[in-house]
Amino acid sequence: MWAADERPDCGRPLTLALHVHGLLYSADLDAGIDKDFADALIQRSGCSIQTSVLPRARIWQLIESGALDFSLSGIATEERNTYAAFAWYFSNKYYLLVNKSTNVQKLSDFEAQPAMKLGAIRSFRYSSNANRMLDKLAQAGRVSYASGLDPLYQVLILGRIQGMVIEPFDIGDVEAKQIKDTTQIVEFNDPPVPHGLIISKKSIPPVEITKWVALVQSMRNDGTVLRIFEKYFPPALAREMVVF
């Protein structure tokens with residue numbers, strides 16, 4: 001049980017935005033890991049939290065301005081740390097999904113061929129090697145941006161891009177899109193990257209941020225987060241992502 005002074009302040013309705021991304025959230029199904037996490041967060045906090053669905057780039061803008069209180073499954077960067085705080089609840093690796101016809105076996109194979117383009121979601125950051133590759137190819141005009149996964153899958157199938165960065169949430173998507181037979185996965189060999197509840201520093205005071213971080217930690221400690229992930233992943237992978 002929470003002591004009264006440990007509970008987050010629910011004095012006003014709060015706002016949280018989801019973004020459409022593989023198993024994290026499907027707008028068609030109104031379901032996913034982040035939706036389940038948001039529901040658990042609302043129940044645990046006792047706060048009124050209004051949820052919406054927005055593009056990821058827009059979410060970061062609103063978090064920075066203070067017009068949005070929370071979002072989910074965010075990763076930190078030096079810039080983001082200036083305007084957002086994070087309460088970690090899972091960690092995962094990133095992979096390069098490439099068309100088999102490219103014969104790419106390692107990252108340097110992809111980078112070395114000027115004709116190859118990488119697909120990425122606007123405003124997304126990844127793990128260190130993935131970010132290094134993305135930034136290098138972007139400077140060379142070799143990155144094609146989209147607002148979500150589906151448009152990237154489409155241009156990958158059409159051969160307009162030859163690779164894209166994916167996460168474990170997207171693997172099921174890859175199989176569902178029936179492009180598993182035409183693609184393969186290349187490792188970035190980066191350690192897993194922590195993802196968490198994104199908290200706007202502009203709209204949530206420091207003392208309240210501490211309470212939200214503690215609340216998310218309590219959801220990890222009592223197995224709530226693990227149970228959510230076990231709905232979507234095999235138990236061993238769910239545990240690997242949540243216990244870190």
Side-chain angles (χ1 to χ4, degrees), residues 8 10 13-63 67-76 84-92 94 121-125 146-153 166-177 192-200 203-204 212-213 215-235 237-244:
C10 302
L14 298 162
T15 55
L16 181 150
L18 302 167
H19 72 294
V20 174
H21 190 87
L23 293 174
L24 288 177
Y25 183 69
S26 161
D28 294 339
L29 302 173
D30 187 28
I33 292 167
D34 278 356
K35 173 74 161 52
D36 292 352
F37 188 91
D39 291 344
L41 192 73
I42 291 165
Q43 186 178 14
R44 180 68 57 97
S45 68
C47 292
S48 167
I49 303 179
Q50 299 163 352
T51 59
S52 59
V53 182
L54 294 168
R56 196 50 147 177
R58 183 71 181 133
I59 286 172
W60 287 115
Q61 290 169 351
L62 294 173
I63 290 281
L68 178 69
D69 297 310
F70 304 113
S71 188
L72 295 172
S73 58
I75 69 173
F86 298 86
W88 311 119
Y89 58 96
F90 72 94
S91 150
N92 71 249
Y94 288 90
I121 297 173
R122 204 173 297 283
S123 88
F124 264 46
R125 297 303 283 168
S147 59
L149 285 172
D150 283 346
L152 289 180
Y153 289 138
I166 62 167
E167 305 174 70
F169 313 109
D170 314 332
I171 305 287
D173 254 6
V174 168
E175 291 164 357
K177 303 294 178 201
V193 177
H195 291 59
L197 172 71
I198 309 165
I199 310 167
S200 171
S203 68
I204 307 290
W212 285 104
V213 170
L215 187 147
V216 169
Q217 187 59 47
S218 76
M219 289 168 59
R220 287 181 64 195
N221 292 346
D222 69 8
T224 299
V225 178
L226 181 60
R227 285 191 293 275
I228 290 171
F229 275 72
E230 284 176 340
K231 278 176 61 178
Y232 300 90
F233 295 107
L237 179 55
R239 179 165 290 277
E240 186 183 309
M241 293 171 77
V242 171
V243 181
F244 62 95

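Taken to the nearest 0.5 Å, the CD1 atom of I63 stands 9.0 Å off from the CD1 atom of I199. Distance check: L16 CG to L18 CG gives 6.0 Å after rounding to the nearest 0.5 Å. Summarising the geometry, atom CG belonging to N92 is positioned 9.0 Å from atom CG belonging to L237; distances are rounded to the nearest 0.5 Å. Atom CD of residue E230 and atom CZ of residue R227 lie 8.5 Å apart, to the nearest 0.5 angstrom. Distance check: I75 CD1 to R125 CZ gives 8.0 Å after rounding to the nearest 0.5 Å. Note that the CG atom of L54 and the CG atom of L68 stand 7.0 Å from one another [nearest 0.5 Å].
Remark: R239 engages no residue in a side-chain hydrogen bond (donor to acceptor under 3.5 Å, both in side chains) (not counting sequence neighbours). Residues forming a side-chain hydrogen bond (donor to acceptor under 3.5 Å, both in side chains) with S45 (at least two apart in sequence, or on another chain): none. In this structure S48 satisfies the side-chain contact (heavy atoms from CB on, under 4.5 Å) test together with P13, sequence neighbours excluded. Listed by chain and number, the residues in a ring-ring contact (aromatic ring centres under 6.0 Å, His included) with Y232 amount to none (sequence neighbours excluded). Shown here are the side-chain contact (heavy atoms from CB on, under 4.5 Å) partners of L149, two or more places apart in sequence or in another chain: H21, I121, Y153, M164, D170, D173. Residues satisfying the side-chain hydrogen bond (donor to acceptor under 3.5 Å, both in side chains) test with D222, not counting sequence neighbours, are R44, T224. Legend: residues meeting side-chain contact (heavy atoms from CB on, under 4.5 Å) with D28, ordered by chain and number and at least two apart, are S26. Take Q43 and apply the side-chain hydrogen bond (donor to acceptor under 3.5 Å, both in side chains) test, not counting sequence neighbours, and it matches no residue. Residues passing the salt bridge (charged side-chain N to carboxylate O under 4.0 Å, His left out) test with R220, sequence neighbours excluded: none. With sequence neighbours left out, the salt bridge (charged side-chain N to carboxylate O under 4.0 Å, His left out) criterion links D34 to no other residue. Evaluation of the salt bridge (charged side-chain N to carboxylate O under 4.0 Å, His left out) rule for D36 yields K231 as partners, not counting sequence neighbours. Applying the ring-ring contact (aromatic ring centres under 6.0 Å, His included) criterion to F90, with sequence neighbours excluded, gives F169, H195, F229.
The shortest side-chain heavy-atom distance between Y89 and M219 does not fall under the 4.5 Å cut-off. Side chains of R122 and S147 form no contact here, defined as non-hydrogen atoms less than 4.5 Å apart. At a threshold of 4.5 Å between non-hydrogen side-chain atoms, the residues H19 and I59 count as touching. Annotation: side chain of L14 is not in contact with side chain of Q50 (no heavy-atom distance under 4.5 Å). The shortest side-chain heavy-atom distance between S71 and R56 falls under the 4.5 Å cut-off. By the 4.5 Å heavy-atom criterion applied to side chains, Q217 and W88 are not counted as neighbours. Using a 4.5 Å heavy-atom threshold, the side chains of V216 and L41 count as touching. With a 4.5 Å cut-off on side-chain heavy atoms, F233 and P168 count as touching.
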Starting from the C-alpha separation in whole Å, work towards a yes-or-no answer on ring pair (Phe, Tyr, Trp, His ring centres under 6.0 Å) for F70 and W212.
CA-CA 10 Å; F70 304 113; W212 285 104; 4.7 Å; yes
Using the rule given for side chain to side chain contact (heavy atoms under 4.5 Å, CB included), can you reason through W60 versus L62, listing the C-alpha separation, both sets of side-chain angles and the distance that settles it, and then say yes or no?
CA-CA 5 Å; W60 287 115; L62 294 173; over 6 Å; no
Kindly determine whether L72 and I198 satisfy side chain to side chain contact (heavy atoms under 4.5 Å, CB included), including the steps that lead there.
CA-CA 6 Å; L72 295 172; I198 309 165; over 6 Å; no
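A donor-acceptor pair under 3.5 Å links the side-chain atoms of D69 to the main chain of T15, judged by distance alone.
Shown here for I42 and C47, the closest heavy-atom pair between the two residues is CG2-O, 3.6 Å.
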